[in-house]
Amino acid sequence: KINGALNTKTDSGDVFISTSEISKDIFSKTFSGDIKIETEKEPTDVQFEVSTFSGDVNLFDKYQNNALVGKGIVLIQLETDSGDITATNK
C-alpha cells in the first residue's frame with residue numbers, strides 16, 4: 001500500500017507500480033518506456049490524466065484516455081513520449 005504521494009521519473013526505462021489499492025496521488029513520467037500500474041482493487045475515486053505521443057493507453061479495459069472515476073479525489077498523472085500506459089487489476 002502506498003502511504004503518500006508517489007513520484008517517479010526516468011529518461012529511458014519502464015515504470016512498474018504494484019499496490020493493493022490506489023488511495024494516494026501518483027505522478028509518473030518517462031521519456032522512452034512504458035508505465036504500468038497493477039492494483040488489487042479497481043479505484044473508485046480517481047482522476048486519470050494521461051499522455052503518450054507514441055503509444056497506447058488502457059486503463060482497466062475501460063478507458064483509453066483521460067478519465068474521471070467517481071469524485072476524482074486521487075490524481076493519477078502518467079506521461080510518456082514513447083511507450084504504453086496501462087492500469088490493470090492484479
Side-chain angles (χ1 to χ4, degrees):
K1 183 175 179 179
I2 299 170
N3 292 320
L6 177 66
N7 292 285
T8 67
K9 184 176 181 181
T10 180
D11 287 330
S12 178
D14 297 338
V15 174
F16 178 71
I17 300 166
S18 180
T19 183
S20 59
E21 65 181 333
I22 299 174
S23 58
K24 302 292 181 187
D25 296 345
I26 298 175
F27 307 97
S28 185
K29 183 175 184 176
T30 181
F31 179 74
S32 177
D34 298 334
I35 300 173
K36 182 172 184 179
I37 299 175
E38 274 189 359
T39 180
E40 292 175 8
K41 294 172 55 179
E42 190 170 325
T44 56
D45 287 312
V46 300
Q47 178 176 345
F48 285 99
E49 294 181 0
V50 296
S51 174
T52 180
F53 181 73
S54 175
D56 298 319
V57 175
N58 183 348
L59 306 172
F60 299 101
D61 292 326
K62 295 180 182 178
Y63 314 102
Q64 282 73 43
N65 210 329
N66 297 334
L68 177 65
V69 181
K71 296 178 182 177
I73 296 169
V74 178
L75 178 60
I76 311 297
Q77 289 182 328
L78 310 173
E79 180 181 345
T80 180
D81 287 338
S82 178
D84 297 332
I85 296 174
T86 59
T88 62
N89 290 324
K90 288 186 183 181

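Computed over heavy atoms, backbone and side chain alike; hydrogens, waters and symmetry mates excluded.
Annotation for G70 and L68: closest pair O-CG, 3.8 Å, computed over non-hydrogen atoms. Shown here for I76 and I22, the closest heavy-atom pair between the two residues is CD1-CG2, 3.5 Å. Scanning both residues, V15 and T10, for their nearest heavy atoms gives CG2-CG2, 4.0 Å.
Checked against side chain to side chain donor-acceptor pair (under 3.5 Å), Q47 has the following partners two or more places apart in sequence or in another chain: E49. Annotation: side chain to side chain donor-acceptor pair (under 3.5 Å) contacts of T8 (sequence neighbours excluded): S28. With sequence neighbours left out, K71 forms a salt bridge (Lys or Arg N to Asp or Glu O under 4.0 Å) with no residue at all. Looking at residues two or more places apart in sequence or on another chain, you find no side-chain contact (heavy atoms from CB on, under 4.5 Å) involving T44. D84 is linked by a side-chain contact (heavy atoms from CB on, under 4.5 Å) to D34, D56, counting only residues two or more places apart in sequence or in another chain. Listed by chain and number, the residues in a side-chain contact (heavy atoms from CB on, under 4.5 Å) with D11 amount to none (sequence neighbours excluded). Under the rule for a side-chain contact (heavy atoms from CB on, under 4.5 Å), the partners of F31 that lie at least two apart in sequence or sit in another chain are D81. Residues satisfying the salt bridge (Lys or Arg N to Asp or Glu O under 4.0 Å) test with K9, not counting sequence neighbours, are none. In this view, N58 and D61 satisfy the side chain to side chain donor-acceptor pair (under 3.5 Å) rule, not counting sequence neighbours.
Tested against I37 for a side chain to side chain contact (heavy atoms under 4.5 Å, CB included), the candidates L6, L78, I85, T86 yield a single pass: L78.
Here K90 contributes atom NZ and E38 contributes atom CD; the two are 6.5 Å apart, rounded to the nearest 0.5 Å. We find the CD1-OG1 distance between I17 and T39 to be 11.0 Å, quoted to the nearest 0.5 Å.
N66 places a side-chain N or O within 3.5 Å of a backbone atom of V50 that can act as its donor or acceptor partner. Panel note: side chain T88, backbone F60; no donor-acceptor pair is recorded below 3.5 Å. In terms of modelled atom types and a separation under 3.5 Å, the side chain of T80 and the main chain of T52 share no donor-acceptor contact.
When hydrophobic residues (I, L, V, M, F, W, Y) are linked wherever their side-chain heavy atoms come within less than 4.5 Å, the members clustered with L75 are F27.
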For the pair F48 and V57, evaluate side-chain contact (heavy atoms from CB on, under 4.5 Å) and give the outcome as yes or no after the intermediate values.
CA-CA 11 Å; F48 285 99; V57 175; over 6 Å; no
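At a threshold of 4.5 Å between non-hydrogen side-chain atoms, the residues Q77 and E79 do not count as touching.
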